[in-house]
Amino acid sequence: MKEISREARARLAALKETYEEASAYALGYPVNFDFDYEEILPFLKFNANNVGDPFHGTNYRVNSHDFEREVVGKFANLMRLDPEDAWGYVTTGGTEGNMYGLYMARELHPQGVVYFSQDTHYSILKIMQVLNMRNIMIKSQDNGEIDYDDLYETIRINRDVPVIMMANIGTTMKGAVDDLRKVRKILDDLAIRQSYIHSDAALSGMILPFVADPQPYGFDEGADSLAVSGHKLIGSPIPCGVVLTRKEYVARISRSVEYVGVMDTTIPGSRNAWTPLLLWYALEKHGMEGLTDIVAEMLSVAEYAVQRFNDSGIPAWRHHNSVTVVFPRPPQEVVSKWQLAPYRDIAHLITMPHVTRQLVDQLVDECLAIAPATR
Ligand SMILES: *Cc1c(COP(=O)(O)O)cnc(C)c1O
């Protein structure tokens with residue numbers, strides 16, 4: 001057996017230390033550090049591959065398609081789509097899920113125009129370029145939600161082409177949710193005959209199913225496809241996500257490939273077999289009750305953070321059902337240490353499960369110590 005050199009081993013040890021240190025102060029990004037996949041680590045010894053459509057089989061039997069279908073079914077339930085009507089797969093993350101949704105929209109409405117707000121995730125403009133789709137950016141309100149008047153006016157002057165709405169279900173920076181009911185009312189009022197709604201629900205897609213009074217987000221409220229991230233709320237050592245759409249739509253784009261014995265409905269050919277297993281394991285372990293508790297605690301810590309900031313004279317705020325706490329951008333040393341995500345004059349902290357009240361206290365204290373001027 002060949003082994004790596006002592007130097008190489010030392011580099012790995014140093015990297016591990018860096019990860020450990022950085023993980024202790026990660027408050028700014030919507031990723032959960034609180035997980036344990038020890039039990040499924042042995043599966044990393046296999047060259048597993050989920051090539052192709054998880055709902056059709058493949059010649060390559062070292063796969064986790066069964067688990068992937070279960071994951072898709074459970075997510076479909078959460079996103080209010082009857083699993084019988086659902087199709088989807090485990091993606092590499094939110095970006096691929098958004099790309100899939102918009103690809104589907106384009107195949108169904110080749111002449112369509114895509115509308116999305118200024119607060120939309122940066123992946124969308126890139127996807128527009130890759131897919132070469134006509135698109136129009138709509139103004140945002142200060143709270144991060146789309147400006148419905150601007151949306152109405154813009155669609156009104158483009159009434160002759162199908163509307164493809166890229167709705168934010170939780171914006172990256174402010175956690176704002178575009179109101180699907182208002183969007184559908186606009187489509188109705190303007191008598192738009194052909195439309196498609198994609199929900200970008202990267203983080204909030206795993207919050208809203210677990211609260212008592214969710215904003216509209218899913219298929220029951222008009223979504224035709226939806227993307228959610230796996231590494232964000234659930235937490236995973238490898239970025240991943242789930243994309244969902246309706247079975248009937250996918251049937252229109254599928255094509256079989258004899259070489260691997262698959263239906264070629266996914267964007268990648270070879271696909272990760274470990275991430276579906278990992279999401280399956282997390283769902284088994286937490287169950288819906290466990291996830292409900294996790295979300296409740298996250299929201300409670302978010303409210304605690306808003307209060308702590310406000311009590312200290314710092315104007316922090318958050319949207320209803322959001323774990324994204326927005327506050328004035330602190331000095332760079334605070335931003336770097338806590339890995340906060342700044343944007344112009346604001347920053348946010350996201351109360352993922354590893355973010356405790358103690359960490360919030362520490363952050364608020366440091367903001368005060370370093371920048372008394374923000375008071
Ligand atoms: C994180 C995020 C994405 C992209 O997810 P990746 O997994 O990084 O590709 C898309 N949309 C929103 C709103 C996000 O917060």
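First listed ligand is number 1; within each ligand, the first listed atom is number 1.
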J.: Donor-acceptor pair, Thr95 side chain versus Ser123 backbone, under 3.5 Å?
T.: no
J.: Name the closest protein heavy atom to atom 2 (C) of ligand 1, giving the residue it belongs to and the distance to 0.1 Å.
T.: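 For this ligand atom, the closest protein heavy atom is Lys232 NZ, 2.4 Å.
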J.: Using modelled atom types only, decide if a donor and an acceptor are shared between the side chain of Arg271 and the backbone of Asn50 within a distance under 3.5 Å.
T.: yes
J.: Strictly under 4.0 Å, does any heavy atom of Gly241 approach an atom of ligand 1?
T.: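 Outside the 4.0 Å threshold, so no.
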J.: Do any nitrogen or oxygen atoms of Tyr122 lie less than 3.5 angstrom from nitrogen or oxygen atoms of ligand 1?
T.: no
J.: Answer yes or no for Asp200: is there a heavy-atom contact with ligand 1 below 4.0 Å?
T.: yes
J.: Heavy atoms only, cut-off 4.0 Å: how does Asn168 contact ligand 1, side chain, backbone, both, or neither?
T.: neither
J.: Apply side-chain hydrogen bond (donor to acceptor under 3.5 Å, both in side chains) to the pair Ser64 and Glu68, showing each step before the final yes or no.
T.: CA-CA 6 Å; Ser64 64; Glu68 187 171 15; 5.6 Å; no
J.: Taking only Lys NZ, Arg NE, NH1 and NH2, and the carboxylate oxygens of Asp or Glu, determine whether Lys16 and Glu20 approach each other closer than 4.0 Å.
T.: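 Yes, Lys16 and Glu20 are salt-bridged.
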J.: Please identify which atoms of ligand 1 are closer than 4.0 Å to at least one heavy atom of Asn98.
T.: 10 (C)
J.: Determine whether the side chain, the backbone, both or neither of Glu96 has a heavy atom under 4.0 Å from any heavy atom of ligand 1.
T.: neither
J.: Using the ring centroid of each side chain, check whether Phe35 and Tyr37 are separated by less than 6.0 Å.
T.: yes
J.: Numbering the atoms of ligand 1 from 1, which are under 4.0 Å from a heavy atom of His231?
T.: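 With His231 as reference, the close atoms of ligand 1 come out as 7 (O).
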J.: Indicate whether any N or O donor in one side chain lies under 3.5 Å from an N or O acceptor in the other, for Asp213 and His320.
T.: yes
J.: Report yes if Gly170 has an N/O atom closer than 3.5 Å to an N/O atom of ligand 1; otherwise report no.
T.: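 No.
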J.: If only side-chain N and O atoms count, and only distance matters, is there a donor-acceptor pair under 3.5 Å linking Ser195 with Arg184?
T.: no
J.: What protein heavy atom lies closest to atom 7 (O) of ligand 1? Include the residue and the distance to one decimal.
T.: Gly94 N, 2.8 Å
J.: Just one of Ile350, Thr324, Val306 clears the side-chain contact (heavy atoms from CB on, under 4.5 Å) bar with Arg318, so which one?
T.: Val306
J.: Counting only nitrogen or oxygen atoms and a 3.5 angstrom limit, does Thr171 reach ligand 1?
T.: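 Checking ligand 1 against Thr171, no N or O pair falls under 3.5 Å apart.
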J.: Give the residue, atom name and distance (to 0.1 Å) of the protein heavy atom nearest atom 4 (C) of ligand 1.
T.: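 Result: His121 CE1, 3.3 Å.
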J.: Do Met173 and Leu233 land in one hydrophobic cluster if side-chain heavy atoms of ILVMFWY residues count as linked below 4.5 Å?
T.: no
J.: For Ser229, take its heavy atoms, then give the atoms of ligand 1 lying under 4.0 Å from any of them.
T.: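 Heavy-atom distances to Ser229 below 4.0 Å select 5 (O), 7 (O).
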J.: Under 4.0 Å, heavy-atom basis, I'd like to know which part of Thr95 is in contact with ligand 1: side chain, backbone, both or neither.
T.: both
